[in-house]
Amino acid sequence: MDITHILDGLNDAQRDAVTAPVNSTLVLAGAGSGKTRVLVHRIAYLIQVEKISPWSLTAVTFTNKAANEMKHRIEVLLKEPVNNMWVGTFHGLAHRFLRMHHIDAELPKNFQILDSDDQHRLIKRLTKEMNLDDSKWQPRQTQWFINKQKDDGLRADKLNHDGDPYKRQMLNLYKEYENICRRTGVVDFAELILLTYETIRDKKHIQDHYQKRFKSILVDEFQDTNNIQYMWLRLLCGKSNNLFVVGDDDQSIYGWRGARVENIQEFQKHYIDTKIIRLEQNYRSTNNILSGANSVISNNASRLGKNLWTEDGDGELIKLYGAFNEIDEARFVVNRIRSDIDEGSSRSEIAILYRTSAQSRLFEEALIQQEIPYRVYGGVKFFERAEVKDALAYLRLTNNYDDDSSFERAVNRPARGIGSKTIETIRLYAKNSKCSLWQAGKKLLDEKLFTQRAENSLKAFYSLIEEAKISIEDLDLPQKVDEIIHRSQLKDYFNKSRDGKGQDRIENLDELINATRQFKYLDDQETASDLDAFLAHAALESGEQQADFTEDSVQLMTLHSAKGLEFNIVFICGMEEGLFPHSMSADDPIRLEEERRLCYVGMTRAMKYLYISYAESRRLHGSDTYPFASRFLREIPSNLIEEIRTKSKTSGPYTSPSGSLRDAQEITGYQLGQRVFHPKFGEGTVLNAEGQGAGARIQINFESVGSKWLVVSYANLSTL
DNA sequence: ACAAATACTGTTTTT
DNA sequence: CAGTATTTGT
C-alpha cells in the first residue's frame, strides 16, 4: 500500500503521532503546530494502513466548525466520502446516540433540546413556582449549580446537602427541574452528555456493542473536556486502550466552564503505557512573537512543559502602544489598520482582539469613521435571536404539545389576550397535577374554570396549534416553517412593533425559511422526522453565521473566540490590570493562570505582526479609571518589544521600553498579585495600587475581611 | 395588557 | 454609561 500521501510533508513528531501504534496516545500540540493535520492524517492512516473500518472510528471535537473542517479534510485526503464514521461534537454525538437509543435512555421519541436560554427561563419559572425569592435564589446561580453537578456526573438523589441550607434548596430545585424536564420531554446540553454516559454505563448490551465497535477514538482539544466528557470517553474505550487525544494544556481557557486541564495529567495515570508526543515546531508565527508568547506562558507553574520553536526568521518586534485613553487606543489601532490596508494587506488578515466584548464598540466606531468594513464575531447567534426562537417555539409545540418552554414562549406572542393571570392558573394546575402546561390548559378548559374572555383566547390558541399541526403534516420543511410563521402572525406582530428592529426581525424570519432550505436532512441522524432533525440542528448549532461570505473585512473578536484562528496582523487591546487579567480573576492564582493562557492564545494567533496596546485612562461603567499596564506585558522580554510613541515627549531622558510602563512596584513597592500580611486583617493579595510617595494606596483582598484600600505608609504590611 | 419609568448590574460562552 | 429587567401606572 502506498502511503506516501499520508506521510508526505509531515515533520518527525507529526509522523510519530500519525503512525503511533493503535494504543493510548497523547499528543501535546502547541499553537500552530499542525494538530488538525495530525488528526486528519491519523484517521487516514487508521483506515488505509491499519485497515480499520470508518464505522469503527469516532472523532470528537468541541465545535461544529472544527468537526466540519475535519470531516472535509479527511474526505479530501481519502478522496472519498466518509459517511459511516462518527465525526462530531460531544453534544452532537450524544444527541445522535440518544435518538438511536431513546427507549433505553427512557426518553420520548421526539425529545427536544433545551438551550441555555431556555434552561434559564425554565429555572426562573420554577423558582417562582416554588415561592422562592429570586434575589436570594438567583436562577443564574441555580443554573450554574445544576450544570456543574451534571458535568460532574452527579444526580440530585446522589447528592447530600450536608446540613447546608443553601445546598439543600439547590438540590430541591435540581430535583424539581429534572422532574419537569422528564415530564415535558426536554434535555439540556449537560443532560445530553450525562444521559448518554449513564445509558452506556447501565445497559450492558449497549456498552458491549460500542466497546467492541470502536477500535479507535480520537479527541480534539482534549484540554477542554470536562469531567463527564472524560468519563464518557473512558467508558466508551473500555478495557482497550484506544484513545488518541490531542490537546494543549497551555491553551486551556475554558476552566470557568468546567473544563479540566487535569484530565491531561490524569490521562497518563489512567493509561500507563500512553505514548506521549510533543508537537513543538510552530508553522505560524515569527520567532519574536513566539519567544514573547513562550516567555509569558513560562510564568505559569502548572504546566506539562513545552517550548515552541520555529524555523521562521525573527521578523518584526512586538509593537507596544500606551494610549492616553481608550479613544486614543482605538484611533491608534484603526490608523494602523488604515495604513496596513493601504500597503496592500487584505482586511480579513487583520484581527482586533480584546478581553471583553464591550470593548468592541469603540473600535467599531473608529472603523466606521474610516469607512473600513469589519465584522464582529460573537454576540447573539442566529438561532438564539428572539424572533427565531419564537417561530421555533411554534414548530416545537406542533411537534410536542408537552414542551413547556415552547408553550410559555408562544402562548402570548403575538399578544392574543392570554395574560399573566391566565397563565398563572395554568402553571398552578400543571404543578399540582404534575402535567405539562398544555395538558393543564386543556383540563382547565374542560372544567370551564376561566373567564369567558380568557377561555376564548385560550381556545383560539389551542386550535391555532392543533390546526397548524395538521396543516403542515405533509409539507416539506421550508413550507412547514413558512406556514407556521404565517399562521402565528409573527410577522404582523413585529411589523407593528416600532422599536426600530421590526424590519430586521422579519428579515430574520425569512432567513429562517432560507436556513431550512439549506438544511440537508440526512436519514442517518436517527431522528423521527426532518422537523426533529432541524430543531435539533437549531439547538445544537446556534448558527455560527455560516459561510457569511460577505465583504473582505477586519475581524473583531474576544480572545476566547480567537482560539484556533490565525491572522497576519493581530492587535491585542486593553492590556491593563483589571481588564486583562480581568479583575474577577485577579485574586485567584488558578484563574490568573488561565488569564495568562488566554494571553498566550492571543499572542500565538499572530503570524507576522503583533501589536499590543493599553490605555492609561479608561472610562469604565461611567467613571474614569487609571489602570496599570498589564502584568503580562512585563513578562515579555523588553528586547522583543518596540514601543511606539506618538505622544510628544519633548523633555526628559529616554526611558527604556519596560521602564516606561507604569509599574505598581515602582510606585508602592508592592507587586500586583503579591501575597502580603497585615497585623489586623491577616493574609491577602495585592489587587491594585494608585498614587505616589506618601499618599500611595494599595488595594488588598484579605481572606478574612475582603477587599480594602490601605495607605502604604501606614499599613504596616509585611510580605509573604 | 401594555407602555413608561425606575432599578440594577456590569467576564469569557465551543454546545 | 448603557443595556436589561422588573415594577409601576394607566
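Below, read A as the first sequence line, B as the second, and so on, with proteins coming before strands; counting in each chain starts at 1.
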message: Any salt bridge linking A/D624 with A/R619? Criterion: basic side-chain nitrogen under 4.0 Å from a carboxylate oxygen.
response: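 Yes, charged N to carboxylate O under 4.0 Å.
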Counting any heavy atom closer than 4.0 Å, what does [X] reach on the DNA or RNA strands: base, sugar-phosphate only, or nothing?
{"X": "A/R140", "value": "nothing"}
{"X": "A/Y254", "value": "base"}
{"X": "A/D224", "value": "base"}

- request: For A/L540 and for A/R355, find the nucleotide of DNA chain B with the closest heavy atom, then tell me which residue's nucleotide is more 5'.
  value: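 Counting from the 5' end, the first nearest nucleotide belongs to A/R355.
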task: Report yes or no: is there a donor-acceptor pair, N or O only, under 3.5 Å between the side chain of A/R257 and the base of B/dT11?
output: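 Side chain to base: no pair below 3.5 Å.
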Atom-pair distance ([atom1] on [X]; [atom2] on [N]), nearest Å:
{"X": "A/R361", "N": "C/dG3", "atom1": "CZ", "atom2": "C1'", "result": "11 Å"}
{"X": "A/R619", "N": "C/dC1", "atom1": "CZ", "atom2": "C1'", "result": "7 Å"}
{"X": "A/Q138", "N": "C/dT6", "atom1": "CD", "atom2": "P", "result": "11 Å"}
{"X": "A/M575", "N": "B/dT11", "atom1": "CE", "atom2": "P", "result": "20 Å"}
{"X": "A/R121", "N": "C/dA5", "atom1": "CZ", "atom2": "C1'", "result": "12 Å"}
{"X": "A/H621", "N": "C/dA2", "atom1": "NE2", "atom2": "P", "result": "13 Å"}
{"X": "A/K65", "N": "B/dT14", "atom1": "NZ", "atom2": "C1'", "result": "10 Å"}
{"X": "A/L620", "N": "B/dT11", "atom1": "CG", "atom2": "C1'", "result": "12 Å"}

OP1, OP2 of [N] versus side-chain N and O of [X]: anything below 4.0 Å?
{"X": "A/N412", "N": "B/dA1", "value": "no"}
{"X": "A/K381", "N": "B/dT14", "value": "yes"}
{"X": "A/S357", "N": "B/dT12", "value": "yes"}
{"X": "A/S561", "N": "B/dT12", "value": "no"}
{"X": "A/K124", "N": "C/dT6", "value": "yes"}

- request: Report the distance from atom CD of A/E262 to atom OG of A/S302, rounding to the nearest 0.5 Å.
  value: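 So the CD of A/E262 and the OG of A/S302 are separated by 8.5 Å.
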query: Is the shortest heavy-atom distance from the side chain of A/L39 to the side chain of A/F244 under 4.5 Å?
result: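 Yes, their side chains come closer than 4.5 Å.
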query: Which of parallel (below 30°), tilted (30 to 60°) and perpendicular (above 60°) describes A/Y462 and A/F407?
result: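 Aromatic pair A/Y462/A/F407 classed tilted.
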query: Without hydrogens or angle criteria, can the side chains of A/R505 and A/N508 be said to hold a donor-acceptor pair below 3.5 Å?
result: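 There is no such pair between these side chains.
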- prompt: Any stacking of A/H582 on B/dT11, going by centres under 5.5 angstrom and planes within less than 30 degrees?
  reply: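 Yes, A/H582 stacks on the base of B/dT11, since the ring centres sit under 5.5 Å apart and the planes are within 30°.
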message: Give me the distance, rounded to whole Å, that separates B/dT14 from C/dG3 when you measure between the C1' atoms they each carry.
response: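 About 25 Å, rounded to a whole number of Å.
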Nucleotide of B/dT13, B/dT15, B/dT14 approaching A/F62 most closely (side-chain heavy atoms):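 So the nucleotide nearest the side chain must be B/dT14.
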query: Between A/W256 and A/Y254, is the ring centre distance below 6.0 Å?
result: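 Centroid separation for A/W256 and A/Y254: below 6.0 Å.
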